[in-house]
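To start, the structure under review is shown below, and the notes come after it.
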Amino acid sequence: MNARSQTFEVSVEGRQIEEVVLSLLHTLLFHRTTGKFHYKQEGTYAIGTVGMVDVDCDFIDFTYVRCHSAELDRVLRKEVTAFRDSLRSSDGRLSNGQISLEFYQKKKNRWPFPDESIPWEVWTIQINNVTLSNEHERQLYREKLGEILGEKVICITEAMGRHDYLPKVPNQPLLDTVFDVSFPDVQPYLFKISHQTSGPANTSVGTTMRKLLRDTLAL
Amino acid sequence: MMAKGSVEEPSPLRISPVSASSSNLNDRELRDLNKFIKFMAFKSVQVIVQSRSGEKIDSASKAKSDGTDWFNLAIYDNPTTKSNVKKLLAQELPRVGSPLNVEVSLETSEGDRMVLECWSLVLSENIDPNAKIHYAVYNRLGLLLKSLICISRVTPAYRIARHQLGADYRVMSRMYYGEMKLSLLGENFHSLNVGSVATPIGSVVLSVAYRTKLTLSVHQLQSSSVSPVSVRDDYYSSSSPKHKSPAAMNAPGHSPGRLDDSSTMDGSSDLCATSFSTSPPEPCILQTEFTTLPPGRSKVAEEKPRGGSPGLGSDLLSGKLGAFASPKHQADPSDILTGDIPFSSLLLEDTPLDNSSKDKSSSSEQTLSDQPDGQASSSSQHSKESTQSQHSVAEDFVMVEFNPAFAKPERNSDVVSFYRQFQMAPPLVMFDNQPSLEETLEILPTQIAKFEESQVEFDSFVQSLQHDSDDSD
């Protein structure tokens, strides 16, 4: 089976990287997280409750919702911080890069073969770094970026609403092949985050952004 | 929620069963499906209303859910909203052709109202006869609810609602059945499909239409500002009702959040107030599209009496009146010098500032210093010299208009003339005819000789005075 994948491309300033990536990752995981399973007798199980938290961005005019799980938030922040640090080159400039959230399920193999990880959904966020020249442009862009992120959230909900393939809920012994049971309060589908850089920031992107801002001001 | 064929039974509710003629559902499945749709409506309305309350949501996750955590989501049930929705759903559920609508509108303190968005939950005719009620439909409805939670933070009304705390407007919600009133959303409104879940009796479809032009027309503002804003005499007293909402003050007997019992059909007035503004406004908090609001408000502000009206106006407005300010003063860049400097009107006349002749005593002293040495300086001579100095000031110094404090340069004012008249003691009559300097010098030796002759008399006079003072002790 081929994993379905979707890529978002966002142009951001350096200080906006974390919030942009976190907002999209948390929105995805909010949809792909359920309450903790508690198995009972006769093959039945009860599902816990997922809480939610509104998060206001500091550098973007945007608010997103995440699962109420400090541990899950900590895991995502750690990955995003590592991604942001990887984009910073030795001379202090920021390069472009991408970070991927992959949902997978494990397939247990018999010894000596290792377990397989089979992805079933991959979300990729391509980050392009731009440099804005003055505070007026920054203010305009933080509003514009808020609208852009809103469009991305709408795309995510449209994809989630298609109700495409989701791994079947297993019985208790195989629960950890589909879900990540390491969190104490919530139970997301098994996921992993990876990132890579794609070279120094393309100056033409900055030129494109300036043109976009000029067009916005002209309106 | 118990899965795998075992479903927890919440408390039974009165439900109007939807026709299952086209489905293969048994009674239990149909009953449960109607219950899912009903609680989907309950929770959707809670999400929408709470997201427009202006407050951030923070609900805790639970390892074990209770009977109120429908769809395994921690959505707090506001009691007022819950009772209102319950009344609405007691009569009918959302069905084909009869959507449940939640209309979100903005109301200013002047009474202007603008519909921001309209959410709609409806059952469409698109059915999926193979959908499993107790697992697939339930979980997908939960997923749809999560999408609603995320999208409710994306539409423009969310940020407007977040800023209403501390502003002089509030965001309100209204629920009704029937067709959405899209004409209230203005031109070029956007429609967005939140999502849909197919069931054997129809698809549960959730959508939203929201306004893109967030402006109040000048006409609306002018019509609301015909009568000037009244300033209550008892505003600062503790018993004044200033903390009530404008709606509550304008409609006696209307308690916020209470819905009309008969409000189930279109045209109802189910006002579910989500917040009330009582604190001073925060400057520059609305989106930039709200361009026509400040100038209209400044018109209202100019009609206010001096001192301004509490609760209205902000640093953004140009009509705010400061102390001692004229209400008719229009800020003009050319007047910025005379407008900003305190008491600048005193500087408007052509009065040079570099002379020190304001101090009359100093001028008198200067005149005295011009006198030759050896001259006896009596008080009468001093005043004589000062009187002469007044006439000579015009030659050596420039007279400075000495106005009373805070006074305007109006020459006909009684206060000014009185002040000038009694500013200095009037000259004595005996000094009207004064001898010249040569005459005085000629008279002096003769006067001195006379005083020397009468020296004995002067001494005895002084001694007599001393004796009298001793006797009086």
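A, B, ... follow the sequence lines: proteins, then strands. Residue 1 opens every chain. Nothing here was measured: the structure is a model prediction, and the numbers come from that model.
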query = What pairs with B:K82 under salt bridge (Lys or Arg N to Asp or Glu O under 4.0 Å), at least two apart in sequence or on another chain?
reply =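 Residues passing salt bridge (Lys or Arg N to Asp or Glu O under 4.0 Å) with B:K82: none at all.
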Heavy-atom distances under 4.5 Å only: say whether [X] touches chain B with side chain, backbone, both or neither.
X      : answer
A:Y64  : neither
A:V153 : side chain
A:T33  : backbone
A:H38  : side chain
A:F37  : neither

Please determine, among [options], the option with the most heavy-atom pairs under 4.5 Å with chain B.
options                       : value
A:K36, A:M160, A:M52          : A:M52
A:L149, A:I154, A:L166, A:V55 : A:I154
A:D56, A:T27, A:T34, A:V53    : A:D56

Side chain / backbone / both / neither for [X] at chain A, heavy atoms under 4.5 Å:
X      : result
B:L144 : neither
B:Y158 : side chain
B:L148 : neither
B:S51  : neither

request  = Report yes or no: does B:N72 contribute a side-chain atom to a donor-acceptor pair with the main-chain N or O of A:G35 at less than 3.5 Å?
outcome  =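 No; judged by distance alone, with no hydrogens or angles, the pair does not exist.
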inquiry  = Quick one: does any side-chain atom of B:S65 pair with a main-chain N or O of A:I47 as donor and acceptor, under 3.5 Å?
reply    =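 The answer is yes, because a donor-acceptor pair under 3.5 Å joins these two groups.
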message = Looking at every heavy atom in both B:A74 and A:G51, which two are closest together, and how far apart are they?
response =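 Looks like CB-CA, 3.8 Å.
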message = Using a 6.0 Å cut-off, check whether atom NZ of B:K132 has over 12 heavy atoms from anything other than its own residue.
response =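 It does not: B:K132 NZ has 12 such atoms or fewer within range.
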query = Does a sphere of radius 6.0 Å around NZ in A:K192 hold more than 12 heavy atoms from other residues, nucleotides or ligands, not counting ones at 6.0 Å or beyond?
reply =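 More than 12 within 6.0 Å, yes.
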key: Heavy-atom pair count under 4.5 Å with chain A, highest-scoring of B:S152, B:A198, B:S147, B:S61   =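 When all of B:S152, B:A198, B:S147, B:S61 are compared, B:S61 has the most.
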task = Apply side chain to side chain contact (heavy atoms under 4.5 Å, CB included) to the pair A:T63 and B:R159, showing each step before the final yes or no.
result = CA-CA 9 Å; A:T63 301; B:R159 297 200 74 78; 3.8 Å; yes
Salt bridge flag under 4.0 Å for residues B:K62 and A:D185 =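 A:D185 and B:K62: not salt-bridged.
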query = Once you round to the nearest 0.5 Å, how far does CZ of B:R153 lie from OG of A:S23?
reply =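 So the CZ of B:R153 and the OG of A:S23 are separated by 14.5 Å.
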message = Looking only at the side chains, is there a donor atom on one of A:H68 and B:S59 sitting less than 3.5 Å from an acceptor on the other?
response =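 Distance-only check fails for A:H68 and B:S59.
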